[in-house]
Structure formats: C-alpha cells, structure tokens
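These notes are about the structure you will find just below.
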Protein chains: 2
Amino acid sequence: MSSEPVPPPPWRRSANKSARPHLSVATIVAAALRVMDAEGLDAVSMRRVAQDLGTGAASLYAHVRNKQELHELILEEVFRGLEVPTPDPRRWQEQLKELIGQTTRIMLARPGTAQISLQTMIPMRPGTLAAMDATLGILRCAGIPDQIADYAADALALYGTAYAYEASLWPSSEAGQAEARRRITEIEEYLSTLPADRFPHLLAMMRRPFHEENGSERFEFALDIFIAGLAKYADPGLTE
Amino acid sequence: MSSEPVPPPPWRRSANKSARPHLSVATIVAAALRVMDAEGLDAVSMRRVAQDLGTGAASLYAHVRNKQELHELILEEVFRGLEVPTPDPRRWQEQLKELIGQTTRIMLARPGTAQISLQTMIPMRPGTLAAMDATLGILRCAGIPDQIADYAADALALYGTAYAYEASLWPSSEAGQAEARRRITEIEEYLSTLPADRFPHLLAMMRRPFHEENGSERFEFALDIFIAGLAKYADPGLTE
DNA sequence: TTCTACTCGCGAACAGTGTTCGTGTCAAGA
DNA sequence: TCTTGACACGAACACTGTTCGCGAGTAGAA
C-alpha cells in the first residue's frame, strides 16, 4: 500500500465528530459490542473497533488497558440486564434453574460472550459477581451447607458457561451450517465403516432421530439432574 | 533483520536428516506435542512447529490441512492412552466417575488439550470417540434409558472438559501465579469496599479458608452430585 | 544410461493481529 | 496571550495462518 506519510485527512476533523472523536470507555465498549453483534467476537480487534469509531487502534489504549480488559468490559455490559430473584426457600429449585438459565440465555443471545466468560479466569466486575452471589444466595437460603453451596455454585456457573460456549461455536452462516452437517454425515459414514462392535453405543446414538435437537432440552436436563442430586443437602425444615 | 535472500544453508542438506527432512503426520504431531509441553498451546504455531523440525511453516501444509487439524491430531494422540473399562452394572457409578476422571486427568496433565477439546465442535477421531462410547456403554449397561444416557454422557464430557480448561488457565509460571493471587486480593479488597449487603454470600465465600483448594475436590464433588441425580434412572434390577 | 514427470520441500508474500513509542494537536488554566 | 498537560494517532515491531510458485530430488520410462 501507499507508505509515504499521508497528510491529515481534512474531512474528518470537522465533519464526523466535534473536532475530537470524544473517545471514552463507554463509547469504546459500545462500539465493540456493535462489532461483536454484527461480525462475531473474532472480528472484535482493536483496529476494527477503532475503525468503527473513526480512529486508529492506538487511541483505544488511553482508555482501556488491554484487549483482555475490553473483553471483560463487554462481558460486564452484557450482564447488566441480569435480574436476580429474592431467594424463597420453598422455590429454591426453580429459582436456581431460572437464574442459571437466564445467564446462559444472555450468553447464547450474544455469541462470543460465553468465550470471554470462559477465558476470564477470575471475574472481577459487578455484573458477573452479582450472578455468582445470587446463586450462592439461593443455595444458602435452601439450607445447603456453605462448602457444598460454594462448590455447587461453581459447577453450575461452569456448566452453563461451557454449554453456551459450545452452542455458540455452531456456525451462524448458512454455508457454515452446511459444512457442519457435512462433517456429521462424514462421521456417521466413518462409524459405519468400522466393525459394528467398535463403537456400538455411539453408533446407536447417532442413529437415534432426536439426536438433532432444537431447543435447550439438553441443557435443562443436565440442570435438572444436578439439582436433583443437590436436593438431599437442602434443609427439609426450610424448604417445607 | 537481514532481508536479502539468504543462500541455502549448506549444513542442513546432508547433516540433520537424510537429504530430505522426512516429514510426516506423525513427526509433525510429535513436534507439536513437544512444543506444547514445553511452551504451552499458544506457542504451537505452524512456524514454531516447523522450526522444531528444521524446516519452514509451508512444508507442514503438505501433510496437515490446517492448524485446526493439527490441533485435532494432538488431541487424538493425547487420548491414545485412555483405558476404557468393561461395563459392570453393579459398579456403574464408580466406573463412570473413574472414566470421566481419567479423561479430565489426561487433559490436566497436558494443559492446552482441554482448550482444543472445547474448541473442536465435533470430535471425529478414534481416541475421543472411544471415550464417548465408553461413557455411553456404562450408562446403558446400568439400564439408563437411551435418551437420558445420551444427554448425561454429553453433560459429563462437557463438564469434565470445561473443568480441565478452567484449571489449565491457571498460570504455571511463578510470576503468573503471583499475579493471579494479586488479582484475588484485589477483588477481596473491592468486595470489602462495597456495602456489606451488596454481595454478602460472595464475600462470605471468599473469607472461607478452604477457598484455596489444592486437589480435585471441587471436580469430584460436582461429579458425585450429578451421578447421584442420575441414579434414579438406573434399573434397580440390573444394578442390584 | 538418459530423460521426463511428479511429488514435496520451502522462501516469499499477503493480510491480518496486539501493543508501544513518539509526535502532534487541541483545549483549558495561568 | 502563553503554557501546560491530556489525549489522539501514524508508524513500526514482532508476530500469526495460509497460499503461490519455484526448484530440487527421486522414481519410472525409453
């Protein structure tokens, strides 16, 4: 490309924004979310976000430490809409299911969020902390002992996030979905090639028709099983 | 760096390998694993692997389609050592726990593997398929209905992988661990700053001493809970 | 033995990435 | 009006995955 130093473009300074583009953490996060919604998390590069704001990548670093920090800020913004219930001991099971379901739905609605959440080792911002606190609140309200509540909340959050992540891997484009279906038939053919007793159960599973599920059945089932296993630690006196 | 075309280095052609470096899928995967074990998955770039074989990145593409395929081949190689039990209905719970535990331990032993496994939407190679088939085998042997066994096997695999991934995010270097601890105290201080009733359960959790666990307690607990919840679908006639 | 054909290694290039440095410009305070 | 300091930002650095085309080496045919 042209490598000689280009003179400052005269049309930007006065047209697009008021002299200065007025960058701030909020505008940067908003731009990043815009890009993520439109083109996916992979497209959320510093350059791409800056371009959306009509500036260069270097400008972002005055407001945001890292790309990692930008990611965390996206996560925080997305979890803003989370509604936490006030714990009711008698309804702890459905409240728990609803809360974890809600966080997972939020992530599913914005593919890319789950990936950030999984990669962010220690969540440090209000939105994500609120979800964790609410989960713990419901469990403790049901009389579940402290340590068990800690472990259970961790496992629930991890499973929900992992489920959302896995689901968001599924390509959204028509071409990508066709490719994925091609790979599935490929693997079915491969399994049929092998001696029938090599992977018998897997083969049987892939032949079952409901294998192509369309809802959150799989997710809700796992949640139900886990909560059922958890129920024996709840205090019958509290949960009636 | 020096950018003029360097003449072919005379010492390689005859010394290192027999005229040609004798590349193959096996040698490439071995080199990739070497790099991953030594420097982590992030270091496993095409150039880095090629360098380890004394060649250039382009040479790898004759044997491996993609970086993605190279990743899958690594996964396959790592899961080679998996030992699958012959299902025994009366011991299905411990067999299940042991199998999932084993796959998770394999991934924990090689940080980076979990990430590959999570990113590989549809596993297509014998090693990973064998793990799935064995899980299904144990469940069906216990008399658990087909669809439930399918969902349960999926959930177990997903949770185990996610757990291993989360654990492998923890930095291995001394400096990285110090940084992580710093972040944890940072978040503790932040929580203490807020009104005590903002995140009360979270605050209480972080103050509990066993919060810094050192084993697989958390993982085994979640597994136990899930299996307990699953037990009601097992056939009492089979499992005695 | 000579010549041809074909496989496969591989340098260079392309279009991207995160991040830093140093310069330049603008607006508000003295 | 002058100065100061905050902020915008072009260019550069060291990377990344992947493709193209050349060229060397080997194996088979004449």
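Numbers restart at 1 for each chain; the letters A, B, ... are given by sequence-line order, proteins then strands. Just so it is clear, the values below take in all heavy atoms, side chains as well, and ignore hydrogens, waters and symmetry mates.
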Indicate every side-chain donor-acceptor pair of residues 191-200 of chain B with a distance under 3.5 Å to a residue at least two apart or in another chain.
from	atom 1	to	atom 2	distance (Å)
S192(B)	OG	E188(B)	O	2.9
T193(B)	OG1	E189(B)	O	2.7

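- For E77(A), the salt bridge (charged side-chain N to carboxylate O under 4.0 Å, His left out) partners two or more places apart in sequence, or in a different chain, are R80(A).
- The distance from atom CG of L53(B) to atom P of dC8(C) is 16 Å, rounded to the nearest whole Å.
- Using a 4.0 Å cut-off, some side-chain N or O of S59(A) falls inside it from OP1 or OP2 of dC9(D).
- Take R181(B) and apply the salt bridge (charged side-chain N to carboxylate O under 4.0 Å, His left out) test, not counting sequence neighbours, and it matches E174(B).
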Using residues 66-74 of chain A as the side-chain source, report each donor-acceptor pair under 3.5 Å to any protein atom, sequence neighbours left out, with the distance given to one decimal.
from	atom 1	to	atom 2	distance (Å)
Q68(A)	NE2	E72(A)	OE2	2.9
E69(A)	OE2	R65(A)	N	3.2
E72(A)	OE1	R125(A)	NE	3.4
E72(A)	OE1	R125(A)	NH2	3.4

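- T55(B) has no side-chain polar atom (N or O) that falls below the 4.0 Å cut-off from OP1 or OP2 of dG9(C).
- Legend: side chain to side chain donor-acceptor pair (under 3.5 Å) pairs involving residues 25-37 of chain B, not counting sequence neighbours, sorted by first then second residue: S24(B)-T27(B), R34(B)-D52(B), D37(B)-R110(B).
- Taking atom CD on E39(A) and atom C1' on dG16(C), their separation rounds to 14 Å, with Å as the unit.
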Produce the list of close N/O pairs, under 3.5 Å, pairing protein atoms with atoms of nucleotides 17-21 of chain D; give distances to one decimal.
from	atom 1	to	atom 2	distance (Å)
dG17(D)	OP1	K67(B)	NZ	2.9
dG17(D)	OP2	M46(B)	N	3.1
dG17(D)	N7	R47(B)	NH1	2.7
dG17(D)	O6	R47(B)	NH2	2.9
dT18(D)	OP2	Y61(B)	OH	2.9
dT18(D)	OP2	K67(B)	N	3.0
dT18(D)	O5'	Y61(B)	OH	3.4

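- Rounded to whole angstrom, the span from the CD atom of Q51(B) across to the C1' atom of dT16(D) amounts to 14 Å.
- Here the P atom of nucleotide dC8(C) and the NE2 atom of H63(B) are 7 Å apart, to the nearest Å.
- Taking the six-membered ring wherever Trp is involved, the centroid distance between the rings of F219(A) and Y163(A) falls below 6.0 Å.
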